[in-house]
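Accompanying notes for the structure given below.
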Amino acid sequence: MGETIKDLKRTHLCGEVSKGDNETKVTIMGWVQKRRDHGGVIFTDIRDRSGIIQVVFNPDAGEELFEKADSLRSEYVVAITGEVEPRPEGNINPELPTGEIEIKAEELRVLDAAETPPIQIEDNIDTGEDVRLKYRYLDLRRPKMTKLMGLRHQVTKTTRDFLDQKDFWEIETPILTKSSPEGARDYLVPSRVNQGQFFALPQSPQIFKQLLMVSGMERYFQIARCFRDEDLRANRQPEFTQIDMEMSFVNQEEVMEVTEGLMKELFAVGDIEVPAKIKRMTYQEAIDRFGSDKPDLRFGMELKNLSEVVKDSDFNIFSGTVSSGGQVKGINFKGGADSPRSTIDGFEEYVKMFKAKGLAWMALREDELKSPIAKFLAEEEIEAIKKVMNAEKGDLLLIVADKPSVAAAALGNLRLKIAKENNLIPAEVYKFVWIVDFPLFEYDETEDRLAALHHPFTAPAEADVEKLDSDPASVKSKAYDLVLNGEELGGGSIRINNHKLQEKVFSVLSISEEEQQEKFGYLLEAFDYGTPPHGGIAFGLDRLMMIIGRTDSIRDVIAFPKTQKATSPLTNAPSKVDKKQLQELGISIRS
């Protein structure tokens with residue numbers, strides 16, 4: 001049994017004791033980080049979430065106190081009372097905010113003993129992530145992780161404070177809601193009261209925040225929990241958090257202006273400067289120049305269109321692609337001409353992952369042009385290619401001839417791969433950009449139909465509304481994404497606020513009238529009672545935190561994350577449930 005603190009009051013956090021407290025009696029409480037015995041004097045580092053301070057136990061303070069201090073081990077929970085004094089010359093630790101002082105202990109209480117922890121409670125540990133997640137409550141004690149949790153609190157508080165000043169109201173929307181097609185699979189929750197029927201966990205509060213605009217709330221926000229049952233990538237989680245916003249009587253520029261103000265405040269928490277006005281780039285320009293609608297602007301290696309140069313070439317792979325409506329595009333890997341053939345072959349295998357049929361290349365070495373396609377090209381064509389791609393000796397030109405979407409995706413991703421592998425991306429550089437003028441629809445090859453590029457509630461550009469009947473694929477939307485260093489921070493749009501227009505968009509998406517009523521009937525009915533123009537945006541808080549906290553894993557900024565297999569090593573969730581629970585829900589499990 002540990003000792004009690006019933007008659008003891010904590011006066012200071014460990015990291016907040018300062019030189020100004022010299023000769024002051026203080027009481028701290030926390031965990032033992034380290035214990036050291038130096039010639040009959042015991043030194044301990046005591047840690048709480050605010051930081052670490054050194055405590056000294058001298059034999060002259062009493063035999064009982066000294067023996068108790070000698071029994072301390074890492075992660076014991078203690079309360080210590082003593083007087084603050086300067087550290088002796090030569091013992092100052094400039095790495096610690098408390099490095100110039102220490103506490104001379106007068107009283108020690110062991111509040112709880114601890115077993116030797118299975119992971120080290122310090123930064124830069126070489127421990128597998130599965131072990132860290134299994135013992136997450138210990139992992140969170142590490143200074144880096146504690147700091148990230150504190151940073152997350154600061155960011156969410158800043159969000160609330162900023163939006164409150166802008167007249168937003170924080171309003172909660174339901175967690176148990178109706179299943180609706182929004183891109184990913186829903187997590188379903190069976191209803192015991194209405195057996196055979198299911199709630200869905202929200203992929204986003206999209207419909208409810210629009211209904212709040214119909215309700216006259218005018219400015220809503222929420223730190224919203226969202227859920228998607230999808231295959232997970234490195235920085236995706238089945239449950240995640242959004243900063244969700246919606247405004248009435250606004251246009252696109254007004255939404256973006258409020259967003260820029262919020263971003264400036266949030267990134268200031270991490271000492272990252274946001275431009276007063278973030279540059280705009282159209283969707284088409286982003287695809288043309290970077291092969292992605294979330295371009296990383298920190299380095300060059302932009303895509304160059306070679307179609308005009310090679311459209312009449314005798315090399316049919318190039319000219320045939322252009323004549324059939326495709327594109328020939330390339331990137332210039334500066335200084336890459338001496339890359340071994342195995343590396344170039346690896347590039348070719350990589351672009352095939354994005355459906356490219358192959359990869360042509362030219363290595364402009366000091367003494368020769370090395371290329372398997374040079375013999376098929378006229379000298380003037382080679383010179384024209386070099387000119388368009390700003391090529392010089394030492395460069396490696398990498399070219400894809402394919403459908404425009406395939407060429408963009410293949411080269412856009414290859415561009416990122418080369419930059420990362422060759423350290424071409426500068427550190428501590430932050431390039432923000434708004435991507436605007438998105439298409440309203442994209443073609444879904446699997447379903448053989450048009451799908452919403454963002455979501456089906458995004459408003460089309462006024463000038464393109466008439467094209468919904470004649471040429472829906474060319475319709476642009478009032479959507480906008482905020483991108484930073486190749487990461488989509490968030491996206492939003494001006495919404496449809498008219499019953500007939502919403503039905504028209506649903507029909508273009510091949511959503512039948514029956515399905516419209518089944519899935520969205522309540523929204524369509526709400527639109528019949530006077531709906532203000534409205535729009536909004538949502539940001540992935542976890543991704544924001546990953547960038548602001550300067551960490552590479554989204555799991556570092558979530559208190560209790562899941563693995564890439566959507567499991568929790570800590571709780572062993574998901575798990576089987578008792579047969580009685582299933583019977584109450586009217587569910588049977590097939591073996």
Side-chain angles (χ1 to χ4, degrees), residues 1-5 10 13-15 28-38 42-55 57 67-80 93 95-96 98 108-153 232-240 542 545-546 549-577:
M1 294 288 290
E3 296 177 85
T4 180
I5 58 171
R10 184 192 214 182
L13 296 176
C14 294
I28 61 168
M29 299 181 186
W31 286 262
V32 175
Q33 179 73 18
K34 291 180 181 177
R35 184 190 69 83
R36 306 177 298 281
D37 190 336
H38 288 180
I42 296 173
F43 294 87
T44 60
D45 293 335
I46 307 300
R47 180 195 75 243
D48 62 19
R49 75 179 192 186
S50 69
I52 293 176
I53 189 166
Q54 180 171 281
V55 177
F57 294 89
E67 287 180 359
K68 188 185 289 187
D70 192 46
S71 71
L72 295 178
R73 297 294 180 268
S74 293
E75 300 310 305
Y76 275 34
V77 183
V78 297
I80 295 171
N93 183 352
E95 301 296 318
L96 288 178
T98 60
L108 165 65
R109 299 190 193 183
V110 178
L111 307 179
D112 195 25
E115 299 291 334
T116 301
I119 65 174
Q120 292 175 282
I121 312 301
E122 57 188 45
D123 292 338
N124 303 316
I125 58 174
D126 185 20
T127 303
E129 190 175 58
D130 279 355
V131 176
R132 286 177 51 210
L133 293 182
K134 179 176 176 61
Y135 297 99
R136 186 62 163 184
Y137 46 87
L138 297 177
D139 191 44
L140 288 173
R141 292 183 190 177
R142 297 191 299 121
K144 171 190 173 182
M145 302 302 294
T146 301
K147 181 180 178 182
L148 287 172
M149 292 301 107
L151 201 66
R152 185 173 178 125
H153 161 73
L232 303 182
R233 297 200 294 266
N235 282 322
R236 281 192 175 175
Q237 286 280 295
E239 52 184 319
F240 55 96
D542 308 310
M545 286 308 312
M546 183 180 73
R550 295 172 172 82
T551 184
D552 295 328
S553 173
I554 207 166
R555 290 184 283 278
D556 284 348
V557 298
I558 300 171
F560 298 103
K562 305 290 189 298
T563 67
Q564 280 187 253
K565 294 182 179 179
T567 62
S568 169
L570 173 65
T571 63
N572 289 323
S575 61
K576 295 181 178 180
V577 298

Report summary line: So CE of M545 and CZ of R550: to nearest 0.5 Å the spacing works out to 11.0 Å

Requested in this report: Keeping the roles fixed (side chain from R152, backbone from V557), state whether a donor-acceptor pair exists under 3.5 Å.
Outcome: yes

Query raised in the report: Between R136 and E129, is a salt bridge (Lys or Arg N to Asp or Glu O under 4.0 Å) present by the stated rule, with each step listed?
Result: CA-CA 10 Å; R136 186 62 163 184; E129 190 175 58; over 6 Å; no

Query raised in the report: With distance as the sole test, does N235 use its side chain to make a donor-acceptor pair with the main-chain N or O of I554 at under 3.5 Å?
Result: yes

Report task. Report, as yes or no, whether the 6.0 Å neighbourhood of atom CZ on R109 holds more than 12 heavy atoms from other residues, nucleotides or ligands. Result -> yes

Requested in this report: Please answer whether the main-chain N or O of T563 pairs with a side-chain N or O of R555 as donor and acceptor at a distance below 3.5 Å.
Outcome: no

Query raised in the report: Got a second to check how far D542's CG is from Q237's CD, nearest 0.5 Å?
Result: 7.5 Å

Requested in this report: Tell me, please, which residues at least two apart from T146 pass side-chain hydrogen bond (donor to acceptor under 3.5 Å, both in side chains).
Outcome: none

Query raised in the report: Are any side-chain N or O atoms of R10 and backbone N or O atoms of M29, one a donor and one an acceptor, separated by less than 3.5 Å?
Result: yes

Report task. List in chain and number order the residues that pass side-chain contact (heavy atoms from CB on, under 4.5 Å) with Q120, two or more places apart in sequence or in another chain; answer none if no residue qualifies. Result -> E122, I125

**Report entry** Minimum-distance pair of heavy atoms, taken over all atoms of P574 and A566
**Finding:** CD-O, 3.7 Å

**Report entry** Test side-chain contact (heavy atoms from CB on, under 4.5 Å) applied to D37 - qualifying residues, sequence neighbours left out
**Finding:** R35, I42, D70

Report task. Can you measure from CD (E75) to CG (L138) and round to the nearest 0.5 angstrom? Result -> 7.0 Å

Query raised in the report: If you round to the nearest 0.5 Å, how far is CZ of F57 from CD1 of I80?
Result: 4.0 Å

Query raised in the report: Who are the side-chain contact (heavy atoms from CB on, under 4.5 Å) partners of D123, not counting sequence neighbours?
Result: R142, P143, K144

Query - Spacing of I52 atom CD1 and R47 atom CZ [to the nearest 0.5 Å] - result: 6.5 Å

Query raised in the report: Between L72, L111, D112, which is the residue that forms a side chain to side chain contact (heavy atoms under 4.5 Å, CB included) with V78?
Result: L72

Query raised in the report: Considering only heavy atoms from C-beta outward, does the side chain of V55 approach that of I28 to under 4.5 Å?
Result: yes

Query - Exercise: identify the closest heavy-atom pair between A114 and S74 - result: CB-O, 4.1 Å

Report task. Write down the atom of D552, the atom of M546, and the distance for their closest heavy-atom approach. Result -> O-SD, 3.7 Å

Report summary line: Here the pair of heavy atoms bringing Y135 nearest to I119 is O-CD1, 4.2 Å

Report summary line: Taking every heavy atom of R132 against every heavy atom of T127, the minimum-distance pair comes out as CD-O, 3.8 Å

Report task. May I ask you to check whether over 12 heavy atoms, not counting those of F240, lie within 6.0 Å of atom CZ? Result -> yes

Report task. Determine, step by step, whether K134 and L570 satisfy the side-chain contact (heavy atoms from CB on, under 4.5 Å) criterion, reporting the C-alpha distance in whole Å, the side-chain angles of both residues, the deciding distance to 0.1 Å, and the verdict. Result -> CA-CA 4 Å; K134 179 176 176 61; L570 173 65; 5.8 Å; no

Requested in this report: Could you list all the salt bridge (charged side-chain N to carboxylate O under 4.0 Å, His left out) pairs where at least one residue sits in residues 560-574, not counting sequence neighbours?
Outcome: E239-K562

Report summary line: Rounded to the nearest 0.5 angstrom, the CD1-OG1 distance for I46 and T98 is 11.5 Å

Query raised in the report: ring pair (Phe, Tyr, Trp, His ring centres under 6.0 Å) with F43: which residues, sequence neighbours excluded?
Result: H38

Query - Exam field: side chain D48 to backbone C14, donor-acceptor pair closer than 3.5 Å - result: yes

Report summary line: Between D556 and L148 the two heavy atoms that sit nearest each other are O-CD1, 3.6 Å

